[in-house]
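The chains referred to below are lettered A, B, ... by the order of the sequence lines, with proteins before strands, and numbering in each begins at 1. Since this is a predicted model, take the numbers as computed values, not measurements.
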Number of protein chains: 2
Amino acid sequence: MSDARDTREHILNASFMLFLQKNFKEVTMKEIVERTGLSKGAFYHYFSSKEQVFEEVMDHFFAAGIKQNFESYSFETLKEFYQDYIKDAIAKMRSFKNLRTDNNEETFSTNHYFLIFDAMKMLPSYKKKLLDNNQEELKYWKKIVHIAKKSGEIKTTMTDEQIAKLFIYSGDGLGMQLIMSDPSAQKMEKFKSELQSIWDGLYNALKG
Amino acid sequence: MSDARDTREHILNASFMLFLQKNFKEVTMKEIVERTGLSKGAFYHYFSSKEQVFEEVMDHFFAAGIKQNFESYSFETLKEFYQDYIKDAIAKMRSFKNLRTDNNEETFSTNHYFLIFDAMKMLPSYKKKLLDNNQEELKYWKKIVHIAKKSGEIKTTMTDEQIAKLFIYSGDGLGMQLIMSDPSAQKMEKFKSELQSIWDGLYNALKG
DNA sequence: CAAATAAAACCGACCATTCGGTATGTTTAT
DNA sequence: ATAAACATACCGAATGGTCGGTTTTATTTG
């Protein structure tokens, strides 16, 4: 059942759960080892350091939970685009909820912004990844806004960049506020409906 | 020149600078002591623990750098309101730039979101303060939006709450993105001009 | 097939270092 | 002389990491 590959993944998952709750310094080797149910020897058989497991955890988190595949979104209309965006964001969030393989249902408060900031400070390559992703996101938003303007879907005095940034920043800001306030119960649902409401409102204002 | 009160303040300032750069766990007593130029004995003469100095630092930071006095903003027009908002935000940021009493000019990268998250996790009362402030902010934005609608300053299909949140969240999101990307050189100027641009664009769109 | 061997997986006592904090001073101002 | 202001050697606990070993699994060999 549990060969070497599984054990490695098991350690990565357990570590990820811990890093979602506390920052790098706060998570101790003792905790990681206890959480995995293994020993220090086992851990250091698979990883050379706490830093290394953190780095691998973050790489996976970026690929599965942050990096967006904008090419897969609809570029027919702005409305379709941001609907796809919301869907994708929710799907990503959901994929991590299912990661808790163990039986504990405790609603532990997570803060992935914390995690991201920590990773950016420690790992220069990670920072670059994130900034690249941000830049790409802006590019695609500007693209769909341009299309929507040309097709007549929206009529506005705002520049493409202003509109694009308004969508992006409002999404980021909402996410941060929710993480700060909500004890993560129906955080996801709330995020979805709030974002929908705000972006719909903005969209309708741009249409008129 | 340096009586007891000054020494205390000196320790608070030095600690604050450190907490702006690293989280609570990462900042060590050794660093605080070295930064102040004093000794451990001196530190513990004024403070009972690392937690205590952190708590006091955060209290001061909240009062001087976060808490907004909305009552002092103009409620004549939405435009005036958000102009006052920007002015106030910049003034708060500037007040911390001048806090570096020592001669080192090094542009160290700060991340006050990091600091805030840390404080929220450690200090329940601080979390409450922040959430209260957020709620109050929303209240005042809704108020001025309502006024602007009534006076005919803006015409839109969006609800007061949607508009208010759009302003708030876009500001938050911009702040976070800037902190992530910029090496803090002209961060302040960039924040100001970007926020001005986005909010002006949004405002003009709402004017109809 | 089973016995022998090799290799991978895993364990836990141990290590040096650093942590926040204390105890016992010495200096300095009143 | 007294007390506040500082300094420093020191403390136990916790830290990330190591190392010699045992157990388990896989491979080879008779």
Mind calculating the distance between [atom1] ([X]) and [atom2] ([N]) to the nearest angstrom?
| X | N | atom1 | atom2 | result |
| --- | --- | --- | --- | --- |
| A:Arg8 | C:dC10 | CZ | P | 12 Å |
| B:Ile32 | C:dT18 | CD1 | C1' | 15 Å |
| A:Glu34 | C:dC11 | CD | P | 13 Å |
| A:Glu26 | D:dA14 | CD | P | 16 Å |
| B:Phe47 | D:dA4 | CZ | P | 17 Å |
| B:His10 | D:dC6 | NE2 | P | 10 Å |

Check your understanding: Taking atom types as modelled, is there a side-chain donor on A:Asp172 or B:Gln177 under 3.5 Å from an acceptor on the other?
Key -> yes
Using the ring of each side chain (for Trp, its six-membered ring), is [X] parallel, tilted or perpendicular to [Y], with breaks at 30° and 60°?
| X | Y | answer |
| --- | --- | --- |
| B:Phe117 | B:Tyr113 | tilted |
| B:Phe16 | B:Phe61 | tilted |
| B:Tyr85 | B:Phe81 | tilted |

**Study point:** Where protein sits on nucleotides 19-29 of chain C, one letter per nucleotide: B base, S sugar-phosphate only, - none, heavy atoms under 4.0 Å
**Key:** SBBB-------
Review point. When you check the phosphate oxygens OP1 and OP2 of D:dC6, does a side-chain N or O of B:His45 lie under 4.0 Å from one of them?
Key: no
Check your understanding: Is the distance between the ring centroids of B:Trp141 and B:Tyr82 under 6.0 Å?
Key -> no
Review point. Does B:Lys121 make a cation-pi contact with A:Phe114 (under 6.0 Å, within 45 degrees of the axis)?
Key: yes
